Amino acid sequence: MSAGTQDILDNLSSKSFSSRTERSQAVYDALTARAQSSQREILAFLASTSTLEQYKYGNVQSFWITNQIGIQVASEEFIVILASMDEISLIQEDDIAHLDLPVIENRNTTDPTVNQWGVEAINAPSAWLLFNGTTGFGITVANIDTGVRYTHEILRDTYKNDDHSWYDPYNQTEIPADYHGHGTHTMGTIVGSNGFGVAPQSRWIACKGLYDDNFGSGLNLLACGQFMVCPTEFTGANPDCSKTPHIVSNSWGQGSGASTYYDGMIAAWHAAGIIPVFSLGNAGTNCNTARSPGDRNVIGVGSTTILDELSYFSSVGPTRDHIIKPDISAPGSLVVSAGHLNDDAYRTMSGTSMACPHVAGTIALLLSRNGNLTYVEIRSLLQSYADRNLTFSNVTCNWITDNVFPNHHFGYGRLNANRSLAALAEFNESPTMKV
């Protein structure tokens, strides 16, 4: 479209708000107003019966979060017509994203009924004790994934379940479901009970951005992005910006890096006070394998093993924009969490998808102690207090060896929830930190 969204978001960033609801509502109001005014004529043209009969294009969908219009199955002739219209500044092919699929998987894992090794490795139990057992209370965490089995025994008590907690842009299903298993597993690591989750007192909501075949349409992922800024009912109606989650965990991506496709969505999340966390990908430890959106303005997460080695599959920086990624690493090899086949099923998976939820859960712990922390402050707390006594391979990317921090393999180190929470307490829960 001829009018983007960055100017609106820049203007909002200079304002102060009395609450998170006021902030996300302002983002929603400003972006929807821009979309309505700038898309009016083109949407009227696309809704015309004569236009449809002449060009026979598919479903039309308006997105306020990025001021874009999605059209399915448009002919080359019709694309040429659209390109000639003054109201349109850019035409691009729909993006196809895919899961960071687990590289190792066991679907018949027995529940060990103890804190998982990743939860222990990041010292989450010690972090819980710092504040008298508070483990994420008052924080809402979301994931965009394959869905969630909301009745699972370690997830059912933390599902927010308030009519604005689930959205499926593919089928508009009424209740959360997961016929793949990936999303159930990642959510279990964030908020699962019984030692599976890092922040078991946080509540969760979810959007089905990835379909059961491991892939997701960019248009449906944008629809999930909108849902996060101002959650709706399962039909997509009645948005309520008081329900905006604090954190969105994402274990998906596309391409070979430096893609700007989701930048507008991520910018809107930042403006609404949502912390975006993304896995960096499972393309292996060769340099320059970091993929988007994990290489963008988000907390991009790499994976480590129980021996504090970099997992052999974990993607590595630098980004194509020459930025250090990952931002931080976390346990991602042989992680046990909830399975989707039964309410008491468990499975073992390995991937940066499994590392990302450890970071999302830790951010929930931080925000539960200080809800005013900014993205920059949270990133600094995670990075400045990460563990760096790791197992190195003495490999180099962009002239930086993996034992020199920050580097393109581990980032700033391996996540340590206890040290980050302790630093927050030391700064009287109002840190102004050097980044």
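Since the structure is predicted, the reported quantities are computational estimates derived from the model, not experimental observations.
In plain terms, the two heavy atoms of Ser353 and His182 that are nearest each other are OG-NE2, 3.0 Å. Closest approach of Ala271 to Leu9, counting heavy atoms only: CB-CD2, 3.7 Å.
For the residue pair His164 / Thr232, no side-chain donor-acceptor distance below 3.5 Å is found, with atom types taken as modelled. Between the side chains of Thr66 and Gln68, at least one donor-acceptor pair of N or O atoms lies under 3.5 Å. Remark: the Ser18 side chain and the Glu22 side chain contain an N/O donor-acceptor pair separated by less than 3.5 Å. Between the side chains of His98 and Arg291, at least one donor-acceptor pair of N or O atoms lies under 3.5 Å. Side-chain contact, Ser50 with Ser48: a donor N or O sits under 3.5 Å from an acceptor N or O. A donor-acceptor contact closer than 3.5 angstrom links the side chains of Gln39 and Ser62. Side chains of Thr140 and Lys160: a donor on one and an acceptor on the other come within 3.5 Å. There is no side-chain donor-acceptor pair under 3.5 Å between Glu87 and Ser38. Donor-acceptor pairing under 3.5 Å is recorded for the side chains of Asp178 and Thr184. There is a side-chain donor-acceptor pair under 3.5 Å between Ser165 and Asp162. Side-chain contact, Ser311 with Ser333: a donor N or O sits under 3.5 Å from an acceptor N or O. Under the 3.5 Å distance criterion, with hydrogens and angles disregarded, a donor-acceptor pair is assigned to the side chains of Thr173 and Asp168. Checking Ser242 against Asp240 by side-chain atom types alone, a donor-acceptor pair falls below 3.5 Å. Between the side chains of Tyr261 and Glu93, no donor N or O sits under 3.5 Å from an acceptor N or O. In the model, Thr244 has a side-chain atom that pairs as donor or acceptor with a side-chain atom of Ser24 under 3.5 Å. Residues Asp145 and Thr186 bring a donor and an acceptor atom of their side chains to less than 3.5 Å of each other.
Under the 3.5 Å distance criterion, the side-chain polar atoms of Ser217 are matched with a main-chain donor or acceptor of Leu219. The closest donor-acceptor contact from the side chain of Asn123 to the backbone of Asn416 lies at 3.5 Å or more, if one exists at all. Counting only distance, with no hydrogens or angles, the side chain of Arg414 and the backbone of Ala121 share a donor-acceptor pair below 3.5 Å. The closest donor-acceptor contact from the side chain of Ser314 to the backbone of Leu310 lies at 3.5 Å or more, if one exists at all. Between the Thr289 side chain and the Ser315 main chain, no donor and acceptor come within less than 3.5 Å of each other. Checking side-chain atoms of Asn282 against main-chain N and O of Gly351 turns up no donor-acceptor pair under 3.5 Å. Side chain of Ser202 to backbone of Gly136: a donor-acceptor contact under 3.5 angstrom is found. The closest donor-acceptor contact from the side chain of Arg203 to the backbone of Ile139 lies at 3.5 Å or more, if one exists at all. A donor-acceptor pair is defined here as one N or O able to donate and one able to accept, closer than 3.5 Å; such a pair exists between the side chain of Asn288 and the backbone of Pro318. Between the side chain of Thr146 and the main chain of Gly183, a donor-acceptor pair closer than 3.5 Å is present.
Summarising the local packing, CZ of Phe45 is surrounded by more than 12 heavy atoms from other residues, nucleotides or ligands at distances under 6.0 Å. Residue Gln172 qualifies as enclosed at atom CD: its count of foreign heavy atoms under 6.0 Å is above 12. Heavy-atom neighbours of Phe137 CZ from other residues, nucleotides or ligands within 6.0 Å: at or below the threshold of 12.
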- Query: Going through the checks in order, is the side-chain contact (heavy atoms from CB on, under 4.5 Å) test met by Leu155 and Trp204?
  - Reply: CA-CA 9 Å; Leu155 292 170; Trp204 65 266; 4.1 Å; yes
- Message: Working note: Tyr346 + His152, criterion ring pair (Phe, Tyr, Trp, His ring centres under 6.0 Å); need CA distance, chi angles, decisive distance, verdict.
- Response: CA-CA 10 Å; Tyr346 295 86; His152 194 281; 5.2 Å; yes
- Task: For side-chain contact (heavy atoms from CB on, under 4.5 Å), just list the numbers for Gln116 and Val335, CA-CA rounded to whole Å, side-chain angles, deciding distance to a tenth of an Å, and then say yes or no.
- Result: CA-CA 8 Å; Gln116 294 306 300; Val335 174; 5.9 Å; no
- Can you check side-chain contact (heavy atoms from CB on, under 4.5 Å) on Leu373 and Leu424, steps first, answer last? CA-CA 10 Å; Leu373 289 172; Leu424 180 59; 4.1 Å; yes
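Residues passing the side-chain contact (heavy atoms from CB on, under 4.5 Å) test with Glu120, sequence neighbours excluded: Asn115, Pro125. For Cys356, the disulfide (SG to SG under 2.5 Å) test picks out no residue, with sequence neighbours left out. Evaluation of the ring-ring contact (aromatic ring centres under 6.0 Å, His included) rule for Trp252 yields Tyr262, Phe278 as partners, not counting sequence neighbours.
In this structure the side chain of Leu421 reaches within 4.5 angstrom of the side chain of Arg369, judged on heavy atoms. Within the 4.5 Å cutoff, the side chain of Leu366 has heavy atoms near those of the Leu381 side chain. Inter-residue side-chain proximity for Thr260 and Arg296 is flagged as met; some heavy-atom pair is nearer than 4.5 Å.
Note on ring orientation: taking the six-membered ring where Trp is involved, the planes of Tyr167 and Phe227 are parallel (angle under 30°, cut-offs 30° and 60°).
Residues His270 and Tyr375 bring their aromatic ring centres within 6.0 Å. Here the two rings, on Trp166 and Tyr159, have centers that are 6.0 Å apart or farther.
A salt bridge between Lys208 and Asp212 is present, with a side-chain N of the basic residue lying under 4.0 Å from a carboxylate O of the acidic one.
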